[in-house]
Structures are given as structure tokens and as C-alpha cells.
Amino acid sequence: MATDGRRREILQEVEELRRRRNESSKQIGLWMGSLKKLEAELKRAEAGQDVGQDVAQLRAQLLTLQANADNAKEETRLMGERITDLDEELRQVDAALREYMLWVPNLPHESVPDGPDDSHNIAYPPQGAPEPHFAFTPKPHWELGPELDIIDFERGVKMSGSRFYVLKGWGARLQRALIQFFLDYHITRHGYTEVYPPFMMRAAMFEGAGQLPKFKDNIYRDAEEDYMWLGTAEIALTNMHRDEILEEAELPKKYVAYTPCFRREKMSAGRDVRGIKRGHQFDKVEMYRFTTEETSYQALAEMVQDAKDVCQALGLRYRLVEMVTGDLGFAATKKYDLEAWAAGCQEWLEISSISNCEAFQARRANIKYRPADGGRVRYAHTLNGSGLALPRVMIALIENNQQEDGSIVIPEGLRPYMGGAERIPAA
RNA sequence: GGAGGGAUGGCCGAGCGGACGAAGGCAACAGUCUUGAAAACUGUAGUGGGCAUUGCUCACCGGGGGUUCGAAUCCCUCUCCCUCCGCCA
């Protein structure tokens, strides 16, 4: 790349100039020191004290020294000017280079199957609960919700417009129960540390996580201040260790956070407008890991399992989907989705997305670790995965567990979080 | 929102225009002493970049600009922290 070559040229020249300036500044410093001494001696000599030399000699020395220093100053000043010019050019080149780099997506891992788009993703056989069968026609959640008075679409739209809804009564409680359930599961069984981050943060954090500049249109931001609303907790968790050097011994770091997520969904305009599948605001429990270079793919496999575990515990019917090169997104080197079957809308819904970003985010957010063997500091690898995304899990539960009498059976594991209730009662 | 004070190496803390990448202390690592440990003593120790395969060099004292031959030190600006006042869940 030409820009990079130019950058190196400037760098070398500017450093050489700096070296010379440093040298000559030191010399000037020495001269200035002697000059002061001489002046003092001259003063004393003029006052008639004996300093070993007469006034004329001292004057001559002083003048020579002064001339030397002045010459050197002038010379060095010119160097300084050249340095200032080069610095300016360097700034521009750096900015251009950085701007360019920020738009370069991550490269796929060699194991990622080739394919142009999501239609080529590899879906593995369904796991978990068997496909539910009904003696009646199961309803989609956008019918069940209002009927049971647990989802209120109209009032959501009244207050905030399309793609907003209100959860009420058992609906709101179900979501809250799921959040608790997921967090508890991951911290007690999978060893994650729970994190409650800010929900809005500076633009630089979004750059670090790879959301900016590319996905600017999908982010809500404050009109007056440099705040943006999280589209996912991943952004917060990535930047937890921004500008830090971790010790290898403290890796892997495993975090789990519940946050609401805010997305403009501009690029998906008109898609999935029905129900609660794709809103401008949704809740998610997110898993995140910082690992060494060597262990990130092992960690990816573990995180997939972590997400499967909660699906299993909720009695979902789910399947693993492996993303092809064309559907990896911007930051991931390898990515799996987990999809849950929803019997009402007859759809596989994405409830989790689990990615290894390797050093992509670490480079942007400057996250490093010191190897245990004392070697050079290296970039950490980062991984993120939903564990899980709430609305779609709600859809699957509501639709799959609906009964002929209109009630909805609550999965056993969730009941302690629902006040012991076994069902959401029919209206 | 108003008025002040501050940000220095892993931590504490000095330096406030010239040999400062930065005193001193603590912590860390290695060694001496010891049966072992502690104490004491000695030594090593930051990050990033550029050339060059023992080395040389540049940058970094919250971020960014500037003044100067020369900036941790002076000026501007931004961010953050603290104290007092006001407001507030």
C-alpha cells in the first residue's frame, strides 16, 4: 500500500531529524550553561575581582560562545520547522490509513465454508425437544399475546411508533424470569462473571467493537453529547478491558451481561414487522470471553455449548447453523447461530449468534495480554455469543407451549422464577 | 449549572524550561546470607514504533494542539477525578 510506504518514509526522516535536534539541543544546553558561568565571571572581573583571566579575554570567549549558540539555535530551528511540516503530513497519512483500516472487515477462518450469502449457511439437524404436535392449529404469538393480554402492540405503537410493543402481566414477568434464569445459569454452571454495564457510551467504544464506522445508520445516538445506545452488550463488554494489558494467568475472562439493545433497523426496513421478532428495543443476555490466541477456537466451541445448554434447559427445539464466508459479518472470523423452532409462525428463529473475532476487536480497542512465558505482549482474542436473545425465546416458548384451552405451560426450570406458576392462564 | 483543585512508571509520590524515561518509597523478579523462611544487602526491571539478527534510535509524564534551539515543566483545548454550592431519583 502506497500510503503505508509513505508513512514509513516520513517516519524515518522525522525520527532522524528528531535525533539530530535532540543532540544539538543538548549541545546548546551545555553552551548556555557555560555562558552563564562566563557571564558571572565577567561580572566579577569587571568588579575588580581576580578570576584568573582579564576582562577582555572573558569578553572574547563570551562572544564566541554566544555566536556558536546562536548559530546552532538557528540551525536547529530550521530542523524544527521541517519536523513540524513532516508531522503534519504524518498526521494526515495516519488519519487516512486509520480511516481506511476501519472499513476493512475481518478475514474468515480457514474452516469457514465458502458461500455467497445466508441461504448457503449449513443448518445441522435439530436438537432438544421433539417437534411439538397439536390437536389444533397453533397460533402465532402476535395472536396469542393480545388474547392473553401479555403483549400489547397497540399501546407500544401509540407511545413509540412501529416496532415497539408493551409486555404486560405474565408477559413482562416471563421476560424478567428468562433474564434471571439465563444470568443465573451462566454464572453458576458456566463460570461467567455477571456485569451490569452502562447502556450508552462514547462513539470510540463502538469503533473498538467494530460497529463504527460501518454500521452508523443502525445506532441511536444522543443529539447533543457523544453518547450512543448499545445495540448489543458486546460493545460494552469488548471495551471493559480497552487499553489494558492483561496477564495470561487471568485469562480467559468470561463475562455475562443483561442489557436492553437498541437498533434502528434501517437496513431491515419492512422486514419482520409483525410481532416481537424484530423491534427497535429488545433485551438480551450476552456472553463474552477474552482469551489467548491459542485457545479462542476451543472457547468458541464452549460458548456454543453454553448457549445450547440453556436451550436444552428450557425444552426448546433448536438447531445449530454454521455461517458461510458470505454471512460472517464484519468482525467475526467464524460464527455460529442457534435457531429455535416456533410452532405458531412456523419459523426457525435466530436466538443466539456466537462469534470468534480473534484479534479484530482487540486491535481496535487495544486489548493485549502478557504471555506467561514472559514473551512479547500480544493481542487478546475476543468472542461473543448471545445467551440468549429474549424476544425470540419468548416467541418459541409461547407458541410451542400453547394449550388447547388457551393457556401456556411454563417450562419447569423457569417456574421458580415465575412464582412457582405452572401456566400462564388463559384469558 | 456555578466556584476552585488535580491527573507523573504496577501502586504511592517528587520534579514545575536544559544531561528527565523521569528522584524517593512500596510492590515484583533474580542473587547473596540461611536447614528453610523472614529481615538485611546486591542486582534486574515500563509500553509502542523504526532501522539493524549481540545493537542503535524515535515517541510516550491523562488526550490533542501550540510557544521554544529545547517542554513532565509555559499557553490553548478536550476528557476524567476531587472539594464546596445549587438541583435531583
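So that the names make sense, note that chain A is the first sequence line, chain B the second, and so on, each numbered from 1.
Proximity of Tyr288(A) to Leu383(A): side-chain heavy atoms (C-beta onward) are nowhere separated by under 4.5 Å.
Under a cutoff of 6.0 Å and an axis angle of 45°, Lys253(A) and Phe290(A) do not form a cation-pi pair.
Between the CD atom of Glu88(A) and the C1' atom of G66(B) there is a distance of 13 Å, given to the nearest Å. Going from atom NZ of Lys73(A) over to atom C1' of G18(B) covers 11 Å, rounded to whole Å. Spacing between atom CG of Leu90(A) and atom P of A59(B) amounts to 13 Å, rounded to whole angstrom units. One can place CZ of Arg202(A) at 7 Å from C1' of U79(B), the figure rounded to the nearest angstrom. Nucleotide A59(B) holds its P atom 6 Å from the CZ atom of Arg18(A), rounded to whole Å. One can place CG of Asn366(A) at 10 Å from C1' of U47(B), the figure rounded to the nearest angstrom. Taking atom CG of residue Leu35(A) and atom P of nucleotide G18(B), one finds them 16 Å apart after rounding to whole Å. To the nearest angstrom, C1' of G48(B) lies 11 Å from CZ of Arg7(A).
Dashed line: the shortest gap from a side-chain N or O of Asn22(A) to OP1 or OP2 of G70(B) is not under 4.0 Å. Within the 4.0 Å cut-off from OP1 or OP2 of G64(B), not a single side-chain nitrogen or oxygen of Arg91(A) is found. Phosphate proximity of C51(B) to Arg8(A): present, with a side-chain N or O under 4.0 Å from OP1 or OP2.
A donor atom on one side chain and an acceptor atom on the other are not found under 3.5 Å apart for Glu293(A) and His381(A).
The C1' atoms of G64(B) and C80(B) are separated by 15 Å, rounded to the nearest whole Å. When the P atom is compared between C61(B) and G21(B), the two are found 12 Å apart, to the nearest whole Å. Nucleotides C12(B) and A3(B) are separated by 30 Å at their C1' atoms, to the nearest Å.
The Arg370(A) side chain lies nearest to U47(B) when the options are U47(B), G70(B), G66(B).
Results of the ring-ring contact (aromatic ring centres under 6.0 Å, His included) test with Tyr255(A) over His241(A), His190(A), His186(A) single out His241(A) as the only residue that passes.
Atom CZ of Arg163(A) and atom NZ of Lys277(A) lie 10.5 Å apart (nearest 0.5 Å).
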